[in-house]
Structure formats: C-alpha cells, structure tokens
Amino acid sequence: MDRVDRCYLKPGGQLTEEGRSRWEAVPEELKLDFYRWMVQVRSFDRRSVILQRQGRIGTYAPLEGQEAAQVGSALALSKEDWIFPSYREHGVAMIAGMPLMRILLYWMGRVEGNVPPEGVRVLPPYVPIATQLPQAMGAAWASKLKRERSVSVAYFGDGATSEGDFHEALNFAGVFQLPVIFFCQNNHYAISVPFSRQSAVPTVAERACAYNIRGIRVDGNDVLAVHSAMEEAVTRARKGDGATLIEAVTYRKGSHTTADDATRYRDPSEVEDWVREKDPISRMEALLKAEGLLSEEDVKKWEEQCKALVDRAVKEAEAAPAPSADHLFAHVFEELPPELNRQRAELSGEGGECV
Amino acid sequence: MDRVDRCYLKPGGQLTEEGRSRWEAVPEELKLDFYRWMVQVRSFDRRSVILQRQGRIGTYAPLEGQEAAQVGSALALSKEDWIFPSYREHGVAMIAGMPLMRILLYWMGRVEGNVPPEGVRVLPPYVPIATQLPQAMGAAWASKLKRERSVSVAYFGDGATSEGDFHEALNFAGVFQLPVIFFCQNNHYAISVPFSRQSAVPTVAERACAYNIRGIRVDGNDVLAVHSAMEEAVTRARKGDGATLIEAVTYRKGSHTTADDATRYRDPSEVEDWVREKDPISRMEALLKAEGLLSEEDVKKWEEQCKALVDRAVKEAEAAPAPSADHLFAHVFEELPPELNRQRAELSGEGGECV
Amino acid sequence: MSEKTLIQGINEGLRTALKERSDVVVLGEDVGKNGGVFRATEGLWEEFGDERVIDTPLAEAGIVGAAIGMAINGMRPVAEIQFMGFIYPAFEQIVTHAARLRTRTQGQHPASLVVRAPYGGGIRAPELHSDSTEALFVHTPGLKVVAPSTPSDAKGLLLSAIRDPDPVIYLEPMKIYRAFRQEVPEGWFEVPIGKARKVREGEDVTLIAWGTMVPVAERAAREASERGVSCEVLDLRSLCPLDEEAIVTSVKKTGRAVIIHEAPKNAGLGAELAARIHELAFLWMESPVKRVTGFDVPVPMFALEDDFRPSQKRIDRAIHKVMTF
Amino acid sequence: MSEKTLIQGINEGLRTALKERSDVVVLGEDVGKNGGVFRATEGLWEEFGDERVIDTPLAEAGIVGAAIGMAINGMRPVAEIQFMGFIYPAFEQIVTHAARLRTRTQGQHPASLVVRAPYGGGIRAPELHSDSTEALFVHTPGLKVVAPSTPSDAKGLLLSAIRDPDPVIYLEPMKIYRAFRQEVPEGWFEVPIGKARKVREGEDVTLIAWGTMVPVAERAAREASERGVSCEVLDLRSLCPLDEEAIVTSVKKTGRAVIIHEAPKNAGLGAELAARIHELAFLWMESPVKRVTGFDVPVPMFALEDDFRPSQKRIDRAIHKVMTF
Ligand SMILES: Cc1ncc(C[n+]2csc(CCOP(=O)(O)OP(=O)(O)O)c2C)c(N)n1
Ligand SMILES: Cc1ncc(C[n+]2csc(CCOP(=O)(O)OP(=O)(O)O)c2C)c(N)n1
Ligand SMILES: [Mg+2]
Ligand SMILES: [Mg+2]
C-alpha cells in the first residue's frame with residue numbers, strides 16, 4: 001500500500017493506535033453495519049457478474065475490492081445529502097436507499113434503474129467521465145445559497161482526475177467555498193491505463209492544494225478510516241468550511257467491466273497482492289471476530305440473508321413487465337410538441353404521418 | 001506587488017543583488033533590445049487604440065503595461081520555437097517576426113493577419129480562452145517524438161487558468177515530460193473578474209505542483225527577470241527536463257479591449273499605483289540611463305523611429321487591396337467539393353445552381 | 001409600457017425574473033459588477049447582490065455544470081455564455097446532461113434552466129465571436145431553442161424560457177441588440193415557445209427567418225412587393241419545437257418558400273425546414289424551397305463577413321428563382 | 001487478400017499507416033497495451049512501441065488538442081475517442097480549431113489529422129455509449145466525415161483519411177464491427193472520400209443509408225423486391241462531402257427516396273439529404289422523400305434501443321408510402 005494519511009485497520013485486521021480510539025467511539029450497530037453492508041455489496045456484485053455471463057443483464061461494472069471505500073463513505077451521509085455517482089457505485093446507491101432491483105434494472109438497460117424512490121437523493125450513474133463533478137458542485141452551491149445543510153458528493157475514479165471537468169469543479173468549489181465532497185476511488189487503473197500514466201504526481205489528494213480545499217488520502221480498503229475521513233469532510237462542509245477531496249486508495253479485483261479483460265494489462269502478482277492481502281472485508285471480519293462482535297455463525301447467516309435479498313431482487317427485476325416503448329417519449333419534455341406526438345403515434349403503430 | 005520568486009529590477013530602476021549579477025551577464029545589445037522592443041511595442045499599441053477610436057480598425061485588445069512580460073519572454077526564444085499566443089500578444093508576435101502591418105490587418109478583420117511570413121512559427125491569436133494550451137502541448141510532444149530541439153510556448157492570461165483545457169494540457173505535459181512552456185501573464189483581471197474570483201489559491205505558479213512541472217512566479221514588469229525565467233525554462237525544455245509554468249505578474253493599464261470600460265470594475269487607486277509606480281519601460285529606461293547605455297537623445301530618436309515604423313505599417317495595411325471574397329473559399333479544404341464550388345460560383349456572381 | 005431596445009428587453013426580463021422568483025440566479029462571466037460585456041445584466045448585481053447575480057470563473061463547462069446541479073437542487077439558473085462561439089466547452093454538459101436528464105430520470109429531474117448566448121456576426125468583433133450554430137442544439141432531443149428578433153419578444157421569450165420546465169437555449173441576435181426600440185410590456189409577460197410570428201402577410205412566397213435575419217427578410221419582402229411579388233414573412237422565434245402549423249399553412253398558401261439563416265447551409269436548420277415543407281406540403285409546392293444561408297465555410301473574420309452572411313441581393317435572387325422556376 | 005471483419009479492416013489500416021508513414025502516431029485511451037476496448041489497435045503497441053501508439057490520460061480535449069498541435073508540427077496523428085458519446089469534451093478543439101485552422105491560416109496549417117470514434121447502438125453497452133451525432137460534424141465547415149459499412153471500405157477509407165490533408169472524422173459502426181467478413185486488399189489501399197457505393201441496383205425507390213444502417217437497408221430492399229418493389233441502395237460512406245452526383249442520378253431514375261439513419265430526425269443529416277434531393281431533383285420526384293430515423297428523443301438505454309433505431313418494419317412502411325403516395 002502506498003503511503004496514506006489515514007489507516008486505522010491494518011490488512012491483518014489489527015487496529016492502529018489511532019484506529020483503536022476511533023473504533024471505541026463508533027457505536028456497535030455501525031461497526032456491524034460496516035461489515036454487513038460490505039458483505040451485501042459483494043454478494044450483489046458477484047451475482048451480477050454471473051448474471052452478465054448468463055446473458056441476463058448487459059455489460060456490468062464490478063466493484064469487488066472497493067466495498068470499504070463505498071460503504072465507509074456512504075454510511076457517513078444522511079438522507080438530505082445529494083449523491084452524484086459514477087457507474088461503479090452500486091454499493092453507495094444501495095446504502096442511500098436505491099433498491100437492489102432497480103440497480104439490476106439499470107444493468108438490464110432499463111431506464112427505471114435510473115430512478116430512485118421518493119426521497120432518495122441519488123442521481124443516475126454518470127457514465128461520461130467526470131461530468132458529475134461540476135453538477136455536484138452546483139448542487140452544493142444551491143444548498144449554500146438556500147442556506148440548507150445538505151452536502152453534495154461526487155464519486156469518481158482516478159482516471160477522472162485528468163478531465164477538465166475535474167479541474168473546473170474543484171476550482172469553483174474552492175473559490176465559492178462550497179459544501180461538496182469529491183470522493184475519488186483510486187483503484188489504480190482507468191480501464192487499462194495505470195495512474196502513473198494519468199498523473200505526474202503520485203497522489204490524487206495532493207491536487208487539493210491547487211484549489212485551496214482540503215485533501216486527504218485514506219486507505220480505501222479500511223472502512224473505518226474511510227468513514228472517519230468522510231465524516232470529517234461532511235462536518236466541515238456543513239459548518240461552511242468548504243470542500244474536501246478524498247482519495248480512497250483501493251483496487252478493483254476484477255476487470256473494468258464484464259467486457260474487459262484485466263489480465264491484458266495487469267501484473268498477476270500485483271492483483272494477487274491486493275486480492276489475498278488487502279481485502280477490505282476479511283480485515284473487518286477479523287476485527288469483529290477478535291472483538292467478539294461476530295461469530296462464524298453470524299457470518300454464515302448474514303451471507304445467506306444477502307443471497308436471499310439478491311435472489312429476490314433478481315426475481316423482481318426479471319419479473320418486471322417489459323418496458324413500454326412509450327418510455328422513449330414519456331419524459332422528453334414536460335409537454336410533447338406536435339412533431340413528437342406524431343412520432344409517438346408512429347411508434348405505437350397508430351399511424352402518424354411522418355414515417 | 002505581491003510576492004514573487006524573482007525580481008531583478010525594482011520599480012525605481014535599481015537592480016537587486018541577484019539582478020546585478022544577471023545584468024552583468026547580459027550582452028549589451030540585448031540590454032538595449034529589451035528597451036527598444038518595449039518602446040516599439042508600446043508605440044504600436046497606443047497607435048492601435050487610436051486607430052480603433054478613429055474607426056480604422058475593429059475592436060482591439062491593448063497590452064500597455066504588459067510589455068516587459070512579452071518582450072522579456074519572446075527574446076528568450078529562437079526561430080525554431082513554436083508560439084501559441086492569445087489575442088493580446090502583439091509584442092510577442094512582432095519579436096517573433098510578424099510584420100506590424102499584418103498584425104494590423106488582423107485587427108481590421110482580415111485573415112491575412114493570421115498568416116506569418118515563411119519560417120515564422122507563430123500561430124494565429126487564440127481567441128477561445130485556453131484552447132491554445134493543449135495544442136502547444138501537442139506541438140511540443142511532436143518535437144520530442146521527432147527528437148528536435150524546438151520548444152513550444154503557450155501564452156495566456158490569468159482567467160485561462162480556470163478552463164479545463166489548462167488542466168488537461170499541464171497534466172499531459174507533466175505525464176509525458178514535454179518541452180512546453182506555459183507562460184501566463186497574470187494581469188489580475190479576466191475582463192472584469194479579479195483573480196481572487198478566478199482561483200482560491202493566490203498564485204498561478206503554485207498550480208504547477210499539481211502536475212509535477214516547474215512553476216515560477218516572476219515580476220512581470222521586470223523584463224530582465226522575465227527573460228531569465230524564460231531562458232531557464234527554455235533550457236530545461238531543450239534538455240528534456242520537461243515543462244515549466246511561468247506566471248508573470250503584471251497589469252494591463254487600459255481596458256480589456258476597446259469595447260470594454262475598465263473604470264466600471266477597477267479601483268482608480270489600484271490602477272494609479274500600477275501606472276505610476278510600476279511601469280515596465282520607465283524602470284528599464286532609468287537603469288540604462290544610470291548605466292550610461294542610453295541618453296535622452298537616444299530615447300527621442302528611438303521613439304521617433306518607432307513612430308515611423310508604425311506609421312509605415314498603418315499605411316501599408318490601409319493600402320492593402322480589399323480582400324477578395326474568394327478568401328472565404330480558398331482554403332476550406334485542399335480541394336473544394338462540388339457543392340462548395342457551386343457556392344463559390346454563386347458568391348462570385350457567376351451563377352451557381354444553389355441560391 | 002416603455003420603449004426599449006432588444007438588449008434592454010433582455011435586461012428587463014432578467015430583472016423581472018429575479019424580482020418575482022426567488023429561485024432564479026444569474027451566473028456567468030462578467031455578468032456581475034460589469035453588467036455583462038453587452039450590458040445585458042446591467043444594474044442587476046447592484047440590485048440583487050452577489051448571491052443572485054454571480055460572476056464565475058472563466059469556465060463554461062463549470063458554469064453549465066453548476067447550473068444543472070443547481071436545477072437539480074431546486075433553483076432556476078440562468079447561465080450566460082459570453083458568445084455562442086464559446087459555448088463548446090460546455091457542449092458535453094448541455095447535450096449529454098441538460099438535454100437528457102428529464103428522460104433519464106423519467107421526469108424526476110427536468111433540468112429546468114436557461115442558457116443565454118449572443119450569436120451571429122455583424123458587430124466587427126474579433127475572430128471566432130460570430131458563430132450561429134443553433135442547428136447543433138436543435139438536433140439534440142430534449143432541448144428547446146429560441147431566438148427573438150424584437151425587444152418585446154426578447155423579454156417575453158426569456159420569461160417563458162425561465163418558467164419553462166425544460167432546458168432552453170436562448171440565442172440573442174447581437175447584431176440587432178440596439179438596432180431599434182419598441183414598446184415592451186411591463187412586469188411578467190410571456191411569449192409562448194413554439195409559436196412563430198407572422199411579420200408580414202403575403203401571397204406568393206413565404207420567407208422564413210429568425211433572429212438577425214428577420215429585418216433582412218422584411219426588407220427583402222418590402223422590395224419584392226415593389227416588383228410585384230407578395231412575400232409572407234415568418235419569424236420562427238422558436239427553433240425547437242418548430243411551429244409547423246404556421247409554416248405549413250403559409251407554404252400551402254404561397255406554394256413557395258425561401259429560408260434564410262446565417263449559419264452554414266449544410267445540415268443547417270434550413271435543411272430541416274425544407275425537408276419538412278416537402279414532407280408536409282409536397283403537392284402544394286410550385287418550386288423547390290430555396291435556402292439562403294451562410295456559405296459552407298468557416299465563419300470569416302469581419303472584413304469578409306458581409307460576403308458570408310445572407311445579403312439582401314441573395315435573397316432577392318432566391319425570390320426571383322422560386323417565382324420563375 | 002484475406003477475409004477480415006470490419007474492425008480487423010481498421011486494425012489493418014492503422015498497421016499499414018504506421019508501417020508506411022513515420023509521421024503517423026495513434027493516440028487515445030487504452031489504445032496501447034490494451035489494444036483498444038474493441039481491439040481496434042490490437043498488437044500495434046507491441047509492434048510499434050510506446051512512442052507511436054500512445055496511451056493518454058483520460059481527457060478528450062487534451063487528446064484532440066494534442067493531435068492538432070502534433071499536426072501543426074508535422075506529424076499525422078490518428079486520435080481515438082473511445083465512443084462517439086464521449087467526443088463532446090473535445091468538441092471545441094474539433095469545431096473551433098481542427099475544422100478552421102486551414103482557412104484561418106490560409107493553407108499554412110491544414111490540421112491534417114483523423115479522429116476515430118465508434119458510433120451508434122446495438123451492442124447492449126451501458127447508457128450513453130450509443131450516440132450517432134454525425135450531423136454535428138457535417139454541419140461544421142472544414143471537416144470531412146466518413147463512415148464505412150464494410151471491412152474493405154473500413155480499411156480503404158481509413159487510409160484515405162490518414163493521407164487526406166484535411167481533418168477527417170472517421171465514424172465506426174460498432175454494431176457491425178464483427179458482423180461479417182470480407183476480402184480486404186493488402187497494403188496501402190484507398191477508397192476515395194466523397195464517393196458513395198452503390199450496393200444494389202433498382203428502379204423504383206432509392207434507399208440511402210450509411211454505417212450500421214446499410215445492412216438493414218439491404219435487407220429491406222431484398223424483401224421489397226419480393227413484394228415487387230425494386231430498390232436501389234446507396235451506401236453514402238462519405239457524409240461530408242456528399243456524393244451528390246450518385247444521389248441525384250439515382251433519385252432522378254427512381255423518383256423516390258427513403259433515407260435511413262440512426263440519429264434523431266430533427267436537423268439530422270437526413271434533412272440535408274431530403275432538402276438537396278428536392279432542390280436538385282424537384283421535377284423528378286414522384287413523392288416526398290421519407291426519412292426513417294431515430295426518434296427525436298434521447299438515445300434510450302438498450303432495453304428500448306430496438307424501438308428507437310430504424311427497424312426494418314419502419315423502412316418497409318416508408319417504402320410502401322413512397323410507392324403509394
Ligand atoms: C468522457 C469519457 N471518456 C471515456 C470514457 C470511457 N471510459 C469508461 S470508464 C473509463 C475509465 C475510467 O477510469 P476511472 O476514472 O479510474 O474509474 P474506474 O473505472 O477505475 O472506477 C473510460 C476511459 C467515458 N465513459 N467517458
Ligand atoms: C472560452 C472562452 N470564453 C469566454 C471568452 C470571452 N473572453 C474573452 S477574453 C476573456 C477574459 C480573459 O482573461 P485572461 O485569461 O485573464 O486574459 P487577459 O484578457 O486578461 O489577457 C473572456 C472571458 C472567450 N474568448 N473564450
Ligand atoms: Mg480507476
Ligand atoms: Mg487577465
């Protein structure tokens with residue numbers, strides 16, 4: 001692991017000294033939640049990869065290995081906060097209240113998968129890299145102008161830091177002291193391109209100083225450290241102290257998407273190291289067991305519950321009635337102009353003059 | 001003056017200690033060139049403002065106050081180097097070999113003003129802010145790939161640092177160690193917007209560290225210091241040590257363009273301070289006189305010569321035959337497709353089928 | 001009511017919106033203290049303060065991205081792009097997000113915002129300040145695009161755009177910002193998006209134009225009438241959605257159409273208009289539709305601008321051609 | 001000669017160019033070690049090294065801006081944009097600079113470069129990977145735009161584009177990257193830009209298509225012939241400049257045309273084609289030109305893609321309409 005500003009829970013499951021005091025301060029329910037959510041996220045993720053192989057969903061972006069970064073950060077947010085995710089934040093979305101079934105619908109190519117239930121402030125996955133950053137900044141700006149306490153969070157990867165949008169968003173955030181958090185999961189690769197080809201400085205976090213915002217680099221596989229960094233950033237933002245750039249150093253165990261083959265560009269020994277040595281779940285499991293908060297039986301039970309949850313979501317998603325083609329037109333404008341009405345009629349086979 | 005990394009010639013015309021040793025190292029002809037070019041540039045600039053008022057040229061972007069930054073940097077370049085200017089670099093263009101008459105043609109709205117004589121590597125003014133930075137980076141990349149010693153320079157303002165293009169260009173330059181120089185004239189304003197609203201960090205130069213390239217902040221009204229900074233950057237680039245971001249701290253004495261009214265947004269006392277106290281020419285003039293290299297008579301003579309040069313350029317530009325409308329079509333593609341040939345015929349009144 | 005120029009109509013519209021809707025903010029480069037490089041926002045910063053009329057850093061993607069985020073979070077931003085030629089850095093935010101967010105979220109986030117931009121040539125501005133690329137936005141489903149040609153429409157369309165729940169690109173004909181004055185209604189007043197304005201009744205040819213080209217079309221119509229040709233002139237105002245009914249009704253009456261726009265011809269909005277006229281009024285057409293447009297060359301620097309932009313002479317020729325086909 | 005898929009044709013073209021011209025470099029995201037997300041650049045990095053086949057940071061404006069700078073300084077860059085839906089961050093560099101530099105410098109800097117981008121839908125890719133916005137580039141004077149539909153054209157057009165002194169946007173129909181194989185000539189071989197390909201002779205209707213829509217048009221033509229309607233099929237290949245001669249000749253023969261494209265209809269390239277056909281073949285037309293296109297809605301996620309893209313059924317209906325007008 002490269003040097004980080006914060007690591008509480010070592011890969012073997014031991015707490016550092018700082019980590020110990022943080023741990024003591026965390027309510028027991030949250031300790032268990034860290035673990036339970038990570039397992040649920042992984043359970044969902046592994047299942048999705050299989051669903052793709054079976055041709056039951058389209059190209060899918062797996063997150064295995066990044067559970068701590070997503071769970072730790074998402075658990076520090078509240079309902080009023082806005083989340084602007086990339087395409088890999090299924091873990092974040094779940095925690096924010098996005099039903100698993102809708103996440104699956106998204107990967108089935110269905111627009112319903114973009115729409116969270118009432119009151120859940122998660123935007124659809126941002127596929128064009130880094131475009132969510134200016135928008136999260138703008139949403140945060142609105143909160144500030146309206147004197148509301150919500151913060152906005154943009155999730156993105158290490159590759160996104162090369163885009164102009166990254167710069168413009170962080171720059172506005174610094175200039176206007178906005179309550180926004182830029183949460184980067186540095187998983188070392190943008191598809192095949194290693195971070196060393198993305199940036200001439202070794203860390204994402206140090207870029208914060210170009211914008212006079214706070215930057216912090218945290219062990220992204222340490223859910224406790226991630227959570228504490230995020231909590232600090234949220235507090236800062238709510239207090240009016242402005243933006244934070246968090247770099248969570250992590251690794252995707254698998255390929256970029258199910259359409260990618262990571263063995264083409266990653267060294268097996270590097271992968272091995274991350275997969276075997278630095279897994280985010282096993283270290284938390286070890287800690288909880290050592291602390292007597294978790295038994296092997298709890299583990300089994302929870303894993304089964306997760307499997308059941310995911311099973312149900314898959315069933316629901318697959319049972320969802322085929323989308324009506326009318327979805328194409330339903331929300332293009334609040335009111336359809338005549339030409340579009342004609343096209344709609346054409347589609348539905350009710351004629352329509354325009355072919 | 002804000003803190004800078006390098007100032008050799010103080011506003012009063014005295015050399016600092018470092019400045020003295022630099023001065024000794026500079027050939028006498030160059031010492032005089034510093035002065036002569038600055039006077040020539042100013043002479044051209046003032047005349048252009050008048051020409052605009054008289055309706056003889058279109059909207060014009062004056063540079064008065066920025067002569068040292070432009071002259072000092074341009075004199076450190078050689079013929080083989082590529083220059084990617086903004087719309088305010090008439091001084092740089094002149095030194096690179098752009099005839100005054102063509103610069104005037106540009107402001108008369110004539111495309112001939114975009115075209116340098118054979119062998120002069122100056123691109124047309126880049127009006128869309130910051131777009132020249134990636135291109136200068138690319139030209140430098142080509143030099144590196146071709147193993148040539150040319151460097152590329154992008155000139156831009158403080159406002160340009162907020163654009164995504166700034167970030168992308170500097171990032172590539174850092175990653176690929178390119179022989180490119182990003183030369184920022186920080187004149188404190190982007191039209192009406194002060195730098196404090198452009199950036200949450202107080203200097204442009206410090207942004208270099210986000211890209212692992214060299215950053216240097218120089219007194220932009222001190223032609224000696226600018227020249228030495230630029231020379232260093234050029235040497236570094238030619239040696240293969242990569243890019244430099246130079247921030248020349250300066251001030252435009254007048255309005256953004258002849259269509260702007262700077263009194264709407266600048267404090268008269270601030271302007272006064274820069275105009276009276278920090279002029280780039282008067283300090284160099286004082287030094288040269290003190291050193292016995294320049295007499296009052298030389299000054300008069302040179303000012304007259306410059307006036308004559310500019311007079312002649314104005315005459316030539318105004319005598320240039322009206323542009324043929326055919327210029328519209330002459331260079332759209334190497335070979336005009338049929339449809340464009342028809343349009344060309346239509347324009348020239350030779351009929352053409354397409355209205 | 002009072003006599004105003006087009007740009008004063010815009011200024012009035014912005015002032016009215018800021019006064020009557022607390023969710024409106026105006027943001028962009030130089031829109032604050034400076035009052036806008038064309039004075040469109042003059043006096044607003046003084047009146048509404050730094051939190052409602054906001055000078056931003058020089059970054060168009062940042063400006064439009066921020067506006068989208070603000071719209072998502074319940075505000076009604078009006079972003080200014082200083083010239084249409086500088087809208088391209090924001091292109092991705094506009095076409096990928098603003099235009100699609102309503103559909104993508106099935107109505108949850110309609111991206112209700114306005115992007116204002118002065119367009120076209122005619123002011124001897126420096127190079128690259130004179131683009132008319134409305135077709136790029138018209139071709140992007142989910143956007144509305146409007147372009148007023150009178151002071152009163154300028155205000156009324158702007159207020160419609162601001163109230164409109166969909167993202168609207170509001171294009172300002174800078175050449176005629178101060179060309180003439182007109183009575184402009186006070187207070188909140190709307191001109192509906194999607195409705196063309198019949199500038200002049202006629203029987204023989206329909207001239208279709210918008211923005212800067214409307215006065216040119218009007219002049220051409222007046223002169224044509226002296227030659228005995230009666231032109232109907234439509235000012236589209238709304239480029240997307242189009243007022244098909246007005247267009248088709250007029251063309252069915254006259255049987256001939258000349259479309260005039262400043263943008264290059266190839267795949268310009270004139271192509272869509274010509275295609276639709278043929279689709280919807282094929283049997284009524286006495287001659288093919290003619291397009292008088294900018295040539296398919298990069299917008300030139302101003303010395304050649306008059307050769308690039310549709311001239312009255314070219315319109316006259318087109319009218320002659322459709323009359324004598 | 002050997003049998004190749006379309007993407008292999010592209011790969012072959014790139015390899016040939018890298019081999020035969022030392023000024024060619026290939027740059028973009030994942031084009032190096034990974035060989036491109038579609039494997040268009042497979043094996044090239046290994047063969048030509050890190051200075052000729054360059055993985056760049058994730059920044060499209062940087063990539064295209066760099067390519068322009070390289071072209072200015074004497075190289076011949078071929079930039080890859082990973083999907084057409086991600087070309088917009090580079091839009092300013094393309095439309096403001098690449099397209100205009102030759103004119104602006106009166107020939108001194110022609111901006112000789114190629115930008116490749118896979119376009120269109122049909123591969124069950126994630127959201128926003130399926131744009132077909134060729135019209136935006138066709139509407140930009142100074143650019144050439146091509147889109148092959150066969151392996152052999154893919155190679156030949158790519159080499160033409162690379163040799164062409166003007167900037168070329170090279171659009172790749174990803175849906176048919178691997179749809180079929182065809183003999184592809186070895187070595188340097190060019191298919192001229194500006195020439196359409198007549199896919200099928202016919203008498204009654206001209207079907208005009210390009211890229212992914214060519215096989216659909218062919219199928220429609222085959223089935224129509226079973227119903228006794230004889231369709232001529234043109235594959236445009238070159239979207240700008242258009243092969244007007246081929247189009248007009250065909251339409252004058254058949255008197256009817258159906259244009260098929262995946263992009264939305266409004267102000268799409270189909271509009272330009274329809275407008276030109278009416279301008280140039282007005283008296284020959286038996287019925288109005290019909291456009292079968294994507295609907296004027298944001299490109300949907302893949303579950304509804306088949307409803308969005310022109311289907312054979314819609315083409316059949318259009319053929320029926322133009323035949324029975
Ligand atoms: C603007 C844009 N360019 C290119 C792509 C294609 N693409 C999808 S993901 C990706 C890599 C992103 O890497 P990173 O930001 O590190 O995120 P990660 O996938 O590692 O989570 C690329 C190049 C895109 N989606 N958007
Ligand atoms: C992309 C873009 N946006 C906006 C403008 C309008 N504009 C012209 S100059 C300018 C200010 C530039 O300020 P700065 O970079 O500091 O350069 P200076 O003019 O001070 O030399 C602006 C906003 C433009 N030309 N290009
Ligand atoms: Mg990554
Ligand atoms: Mg400035």
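Labels below follow one simple rule: chain letters A, B, ... track the order of the sequence lines, proteins then strands, and each chain is numbered from 1.
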Exercise: identify the closest heavy-atom pair between Arg276(C) and Asn266(D) | NH2-OD1, 3.1 Å
Looking only at non-hydrogen atoms, find the nearest pair between Glu279(D) and Val289(C) and report the distance.
-> CG-O, 3.7 Å
Around Lys195(D), counting heavy atoms of other residues, nucleotides and ligands shown, do more than 12 lie under 6.0 Å from its NZ?
-> no
Count the heavy-atom pairs under 4.5 Å between each of Gly142(C), Ala135(C), Pro89(C) and chain D, then report the option with the highest count.
-> Pro89(C)
Most contacts with chain D, counted as non-hydrogen pairs under 4.5 angstrom, among Leu273(C), Thr133(C), Ile87(C), Val95(C) = Val95(C)
Which atom of Pro141(D) lies closest to which atom of Pro264(C), heavy atoms considered = CG-CG, 3.6 Å
Heavy atoms only: give me the nearest Ala275(C)-Ala274(D) pair and the separation to one decimal.
-> CB-CB, 3.8 Å
Atom pair CZ (Arg291(C)) and CD (Glu272(D)), whose distance is rounded to the nearest 0.5 Å | 4.0 Å
Ser132(C) and His139(D): which non-hydrogen atoms are nearest, and at how many Å?
-> O-NE2, 4.5 Å
For Ala267(D) and Val138(C), work out which heavy atoms get closest and say how close.
-> CB-CG1, 4.1 Å
Structural part of Glu127(D) lying under 4.5 Å from a heavy atom of chain C = side chain
Residues of residues 239-250 of chain D within contact distance of chain C, non-hydrogen under 4.5 Å = Cys240(D)
Is there a side-chain contact (heavy atoms from CB on, under 4.5 Å) between Ile277(D) and His278(C) once you walk through the steps?
-> CA-CA 10 Å; Ile277(D) 289 171; His278(C) 284 295; over 6 Å; no
Below 4.5 Å from any heavy atom of chain D, which atoms of Met285(C) appear? Answer side chain, backbone, both or neither.
-> both
In terms of heavy-atom pairs under 4.5 Å with chain D, which of Phe282(C), Phe86(C), Tyr88(C) leads?
-> Phe282(C)
Most contact-rich option vs chain C, by heavy-atom pairs under 4.5 angstrom, among Thr96(D), Ile94(D), Leu269(D), is Thr96(D)
In terms of heavy-atom pairs under 4.5 Å with chain C, the winner among Ala61(D), Ser287(D), Gly270(D) is Ser287(D)
